[in-house]
Amino acid sequence: MTDRAPLSRKLSAIAESATLKVDAKAKALKAEGKAVISYAAGEPDFATPAFVVDAAAEALKDPGNFRYTPAAGLPALREAIAAKTLRDSGLDVPASRVVVTNGGKQAVYQAFQAVVNPGDEVLLPAPYWTTYPEAIRLADGVPVEVFAGADQDYKVTVEQLEAARTDRTTVLVFVSPSNPTGSVYTPEETKAIGEWALAHGIWVISDEIYQNLVYEGARAMSIVEAVPDLAEQTILLNGVAKTYAMTGWRVGWMVGPADAISLAANLQSHLSSNVNNVAQRAALAALTGSQTDAEEMRVAFDRRRRLIVGELSKIPGVEVPNPLGAFYVYPDVRGLLGREWAGRTPTTSLELADLILDEAEVAVVPGEAFGPSGYLRLSYALGDDALLEGVQRLQRLFS
């Protein structure tokens, strides 16, 4: 009997999402009756605004939503996304340069597929969201990490990017506000990086999904607003998940040059076709309706941000840069490593995260998921009481 042909080597090399893995473990422990507090998932704890849900309910009454629609998205939603892109990113684009995707992850995947060729090097500032390197590899690209530590507020410089650039460099990933760090590049920093990419003909994939979640008067200036000429070599990624508490609705999008967007739309026509029409109608309501609920959520995130930064900073050996965006804090915990805690001596942030889960019943994501060891990501997109209780457990553990 002939042996079965092997499975895909490319897919076999792809790692499971670390953030979802930690969150699943935390939920399993909760199901066993453990009082676990999880900072793992990047998911707002708020309900989707009622008027958005109402729009979805109304969409269910229209039989037209039960049929195939254009693979690139409903025309009305693409128009609304174009309007948001002009309003928040300073880029005036027609709806034809928008593709609506099944969540932000599909936009990430298709963006790399559209502009990366086998062997191309993609500069990936670290710490980075865990999906980026895997999506690059799925496009047969080579991720090249460029690390910036807490001393740089986790933001890379033009000098670092230039040092990493080779004749095989074709793409830069730019994320502001950042997942996992919450760092926001200043307009001046954004302009400098954009001008550098423009000068070298490098594509920019800019993930803007957290652009409306900023604090202390910060503004996440889009790289195409900072450097308008860069628009013809930039793909913007975004979605409704974070701003409107719509993670499960799975509506994201990509905006970019006509030729790149055409390739992505062709891919999507074979990959998944149109996004769920009812979810698209809900996203349309979110973008065009009142922004009061979204602003109330942002204010709540800001309150939680200040609370968790203040409380984590009380732990000796923990350095906590002040995040100005998203809903994450990314403490440098190297000062806790190599020391004995509860009879154990962790030497990596992975070991430290396991210790924290075992001893304090608190779930955090280790820095290894986002780049070098020595850091932890905590999402503060959870209730105020649970947020405070979890940090107090950490304070007791490391006292």
Visitor: Find out whether Tyr330 and Pro323 are in side-chain contact, i.e. whether some heavy atom of one side chain is under 4.5 Å from a heavy atom of the other.
Guide: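 When only atoms from C-beta onward are counted, Pro323 and Tyr330 do not touch, as no gap falls below 4.5 Å.
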
Visitor: So, using side chain to side chain donor-acceptor pair (under 3.5 Å) as the criterion, who are the partners of Gln392 when residues are at least two apart?
Guide: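 Per chain and number, Gln392 pairs via side chain to side chain donor-acceptor pair (under 3.5 Å) with no residue.
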
Visitor: Can you check whether Leu230's main-chain N or O pairs, donor with acceptor, with Glu232's side chain at less than 3.5 Å?
Guide: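 It does not hold such a pair.
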
Visitor: Quick one: pull up CD in Glu58 and CG in Leu60 and give me the separation to the nearest 0.5 Å.
Guide: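 It comes to 9.0 Å.
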
Visitor: Hey, are Arg396 and Glu389 close enough for a salt bridge, meaning a charged N less than 4.0 Å from a carboxylate O?
Guide: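 Between Glu389 and Arg396 there is a salt bridge, with a charged N closer than 4.0 Å to a carboxylate O.
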
Visitor: Do Thr348 and Pro366 have side chains that get closer than 4.5 Å, going by heavy atoms?
Guide: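 No. Closest side-chain heavy atoms not under 4.5 Å.
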
Visitor: Does the Lys242 side chain pair with the main chain of Gly42, one donor and one acceptor, at a distance under 3.5 Å?
Guide: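 Yes: the side chain of Lys242 pairs with the backbone of Gly42.
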
Visitor: Tell me whether the count of non-hydrogen atoms from other residues, nucleotides or ligands lying under 6.0 Å of CG in Asp151 goes above 12.
Guide: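 Yes, because the 6.0 Å sphere around CG of Asp151 holds more than 12 heavy atoms from other groups.
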
Visitor: Report yes if the side chains of Tyr39 and Leu387 come closer than 4.5 Å at any heavy-atom pair, otherwise no.
Guide: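 They are in contact (side-chain heavy atoms under 4.5 Å apart), so the answer is yes.
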
Visitor: Using modelled atom types only, decide if a donor and an acceptor are shared between the side chain of Arg304 and the backbone of Ala381 within a distance under 3.5 Å.
Guide: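 Checking the backbone N and O of Ala381 against the side chain of Arg304, no donor-acceptor pair under 3.5 Å is found.
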
Visitor: Sequence neighbours excluded, which residues qualify as salt bridge (charged side-chain N to carboxylate O under 4.0 Å, His left out) partners of Glu368?
Guide: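 With neighbours one apart ignored, the set is empty.
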
Visitor: Report yes or no: does Thr101 contribute a side-chain atom to a donor-acceptor pair with the main-chain N or O of Gly103 at less than 3.5 Å?
Guide: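 Yes, Thr101 side chain to Gly103 backbone: donor-acceptor pair under 3.5 Å.
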
Visitor: Heavy atoms only: give me the nearest Leu337-Gly374 pair and the separation to one decimal.
Guide: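 Of all heavy-atom pairs spanning Leu337 and Gly374, the closest is CD1-CA, 4.2 Å.
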
Visitor: Find the distance between CG (Asn274) and OG (Ser269) and round it off to the nearest 0.5 Å.
Guide: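 If I round to the nearest 0.5 Å, the distance is 11.5 Å.
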
Visitor: Is it the case that the side chain of Trp253 and the backbone of Leu77 share a donor-acceptor pair, with hydrogens and angles ignored and the cut-off at 3.5 Å?
Guide: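 Here the side-chain-to-backbone pair does not exist.
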
Visitor: With a 4.5 Å heavy-atom cut-off, do Leu29 and Leu357 have their side chains touching?
Guide: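 In contact.
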
Visitor: Where the side chain of Glu361 meets the backbone of Lys30, is there a donor-acceptor pair that is under 3.5 Å apart?
Guide: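 Answer holds: no.
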
Visitor: Under the 3.5 angstrom rule, does the side chain of Gln233 hit a backbone N or O of Ile202 as a donor-acceptor pair?
Guide: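 Indeed, once roles are kept as given, a pair shorter than 3.5 Å links the two residues.
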
Visitor: Excluding sequence neighbours, so at least two apart, what forms side chain to side chain donor-acceptor pair (under 3.5 Å) with Arg306?
Guide: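 With sequence neighbours excluded, Arg306 shows a side chain to side chain donor-acceptor pair (under 3.5 Å) to no residue whatsoever.
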
Visitor: So do the side chains of Thr130 and Val365 get within less than 4.5 Å of each other, counting heavy atoms only?
Guide: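 Contact flag for Thr130/Val365 side chains = no.
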
Visitor: Quick one about Tyr154 and Tyr375 (side-chain donor to acceptor, distance below 3.5 Å, no hydrogens or angles considered), yes or no?
Guide: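 Side-chain D/A pair, Tyr375 to Tyr154: absent.
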
Visitor: For Ser178 and Ala326, work out which heavy atoms get closest and say how close.
Guide: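 Here Ser178 and Ala326 meet closest at O-CB, 3.8 Å.
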
Visitor: Would you indicate whether Arg87, at its atom CZ, is surrounded by more than 12 heavy atoms from other residues, nucleotides or ligands within a distance under 6.0 Å?
Guide: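 More than 12 within 6.0 Å, yes.
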
Visitor: Answer yes or no: is there an ion pair linking Asp354 with Arg344, defined by an N-O contact shorter than 4.0 Å?
Guide: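 Salt bridge flag = no for Arg344 with Asp354.
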
Visitor: Is there a continuous path of hydrophobic side-chain contacts, each under 4.5 Å between heavy atoms, that joins Val156 to Phe147?
Guide: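 Unlinked, Val156 and Phe147 end up in two clusters.
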
Visitor: Between atom CD of Glu208 and atom CD1 of Ile223, what is the distance when rounded to the nearest 0.5 Å?
Guide: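 With rounding to 0.5 Å, CD (Glu208) is 9.0 Å from CD1 (Ile223).
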
Visitor: Do Leu307 and Ile37 belong to the same hydrophobic cluster, where Ile, Leu, Val, Met, Phe, Trp and Tyr are linked whenever their side-chain heavy atoms lie under 4.5 Å apart, directly or via other members?
Guide: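 Per the 4.5 Å side-chain linkage, Leu307 and Ile37 are co-clustered.
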
Visitor: Nearest 0.5 angstrom please: Gln106 CD to Gln268 CD, how far?
Guide: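 Taking CD in Gln106 and CD in Gln268, the distance rounds to 4.5 Å.
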
Visitor: Does the side chain of Thr243 reach to within under 4.5 Å of the side chain of Gln211, using non-hydrogen atoms?
Guide: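 The answer is no, as the side chains (C-beta and beyond) never meet within the 4.5 Å cut-off.
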
Visitor: Please determine whether residues Val391 and Leu397 belong to a single hydrophobic cluster, defined as Ile, Leu, Val, Met, Phe, Trp and Tyr linked transitively by side-chain heavy-atom distances below 4.5 Å.
Guide: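 Linked within one cluster.
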
Visitor: Which hydrophobic side chains are connected to Trp203, either touching it within the sub-4.5 Å cutoff or through other members that do?
Guide: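 The other cluster members (ILVMFWY side chains, heavy atoms under 4.5 Å, direct or chained) are Val99, Val108, Phe112, Val115, Val116, Val122, Leu124, Tyr128, Trp129, Tyr132, Ile136, Val171, Val173, Val175, Ile205, Ile235, Leu237, Met254, Ile261.
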
Visitor: Quick one: CG on Leu74 to CD1 on Ile81, what's the gap to the nearest 0.5 Å?
Guide: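 Result: 9.5 Å between the selected atoms.
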
Visitor: Suppose we screen for salt bridge (charged side-chain N to carboxylate O under 4.0 Å, His left out). Which residues come up paired with Glu351, at least two apart in sequence or across chains?
Guide: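 Applying salt bridge (charged side-chain N to carboxylate O under 4.0 Å, His left out) to Glu351 gives none.
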
Visitor: Among all residues two or more places apart in sequence or in another chain, which pass the salt bridge (charged side-chain N to carboxylate O under 4.0 Å, His left out) test with Lys34?
Guide: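 Applying salt bridge (charged side-chain N to carboxylate O under 4.0 Å, His left out) to Lys34 gives none.
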
Visitor: Salt bridge (charged side-chain N to carboxylate O under 4.0 Å, His left out) with Glu295: which residues, sequence neighbours excluded?
Guide: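 Listed in chain order: Arg298.
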
Visitor: For Leu312 and Pro331, which heavy atoms make the closest approach, and how far apart are they?
Guide: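 Result for this residue pair: CD1-CG, 4.3 Å.
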
Visitor: Have a look at Leu236 and tell me which of Thr85, Ile209, Asp88 forms a side chain to side chain contact (heavy atoms under 4.5 Å, CB included) with it.
Guide: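 In the set Thr85, Ile209, Asp88, the residue that makes a side chain to side chain contact (heavy atoms under 4.5 Å, CB included) with Leu236 is Thr85.
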
Visitor: Which pair of non-hydrogen atoms, one from Pro6 and one from Arg9, has the smallest distance, and what is that distance?
Guide: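 So the minimum-distance heavy-atom pair works out to CG-NH1, 4.4 Å.
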
Visitor: Under 4.5 Å between side-chain heavy atoms, chaining through other members, with only Ile, Leu, Val, Met, Phe, Trp and Tyr counted: pull out the rest of the cluster around Leu263, sorted by chain and number.
Guide: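 Besides Leu263, the hydrophobic cluster comprises nothing; the residue is isolated.
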
Visitor: Is the shortest heavy-atom distance from the side chain of Glu189 to the side chain of Asp153 under 4.5 Å?
Guide: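 In short, these two side chains do not touch, never coming nearer than 4.5 Å.
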
Visitor: Run through the side-chain heavy atoms of Ile, Leu, Val, Met, Phe, Trp and Tyr, join any pair under 4.5 Å, and report what else lands in Val214's cluster.
Guide: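 Besides Val214, the cluster holds Val184, Leu324.
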
Visitor: Applying side chain to side chain contact (heavy atoms under 4.5 Å, CB included), can you list everything that pairs with Thr157, at least two apart in sequence or on another chain?
Guide: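 With sequence neighbours excluded, Thr157 shows a side chain to side chain contact (heavy atoms under 4.5 Å, CB included) to Gln152, Glu159, Gln160, given in chain and number order.
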
Visitor: Counting only heavy atoms not in Tyr68 (residues, nucleotides, ligands), do more than 12 fall under 6.0 Å from its OH?
Guide: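 Not more than 12 within 6.0 Å, no.
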
Visitor: So among Tyr380, Phe301, Phe370, Tyr210, which one has a ring-ring contact (aromatic ring centres under 6.0 Å, His included) with Tyr328?
Guide: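 The option that passes is Tyr210.
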
Visitor: Among residues at least two apart in sequence or on other chains, which ones pass side chain to side chain donor-acceptor pair (under 3.5 Å) with Asp120?
Guide: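 Partners of Asp120 under the side chain to side chain donor-acceptor pair (under 3.5 Å) test: Thr170.
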
Visitor: Does any part of the side chain of Asn179, heavy atoms only, come nearer than 4.5 Å to the side chain of Arg377, both counted from C-beta?
Guide: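 Answer yes - side chains close enough.
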
Visitor: Between Phe46 and Val52, is there shared hydrophobic-cluster membership here, with clusters defined by ILVMFWY side-chain heavy atoms closer than 4.5 Å?
Guide: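 Different hydrophobic clusters.
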
Visitor: Test of understanding: with side chain to side chain donor-acceptor pair (under 3.5 Å), list the residues that count as partners of Asp302, not counting sequence neighbours.
Guide: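 Counting only residues at least two positions away or on another chain, Asp302 forms a side chain to side chain donor-acceptor pair (under 3.5 Å) with Arg305.
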
Visitor: For the residue pair Ala282 and Trp249, what are the closest heavy atoms and their distance?
Guide: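 Closest heavy-atom pair between Ala282 and Trp249: CB-CZ3, 3.5 Å.
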
Visitor: Using a 3.5 Å distance criterion without hydrogens, assess whether the side chain of Ser262 forms a donor-acceptor pair with backbone atoms of Ala258.
Guide: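 A pair under 3.5 Å: no.
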
Visitor: For the pair Asp293 (side chain) and Tyr244 (backbone), establish whether a donor and an acceptor sit closer than 3.5 Å, ignoring hydrogens and angles.
Guide: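 Not at all, since once roles are kept as given, no pair shorter than 3.5 Å links the two residues.
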
Visitor: Measure the spacing between OG of Ser96 and CD of Glu79 and express it to the nearest 0.5 Å.
Guide: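 The OG atom of Ser96 sits 9.0 Å away from the CD atom of Glu79.
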
Visitor: Can you name the closest pair of heavy atoms from Arg281 and Asn65 and give their distance?
Guide: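 Smallest heavy-atom distance, with atoms named: NE-OD1, 3.5 Å.
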
Visitor: Check the side chains of Glu216 and Asn322 for a donor-acceptor pair under 3.5 angstrom, ignoring hydrogens and angles.
Guide: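 Yes - a donor-acceptor pair under 3.5 Å links their side chains.
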
Visitor: Are the side chain of Ser89 and the backbone of Leu91 linked by a donor-acceptor contact shorter than 3.5 Å?
Guide: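 No; zero donor-acceptor contacts below 3.5 Å.
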
Visitor: Please check if any side-chain donor atom of Glu134 sits under 3.5 Å from a side-chain acceptor atom of Tyr109, or the reverse.
Guide: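 Checked: Glu134/Tyr109 side chains show no N/O donor-acceptor pair below 3.5 Å.
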
Visitor: State yes or no: do Met221 and Phe174 share one hydrophobic cluster built from I, L, V, M, F, W and Y residues joined by side-chain heavy-atom distances below 4.5 Å, directly or via other members?
Guide: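 No.
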
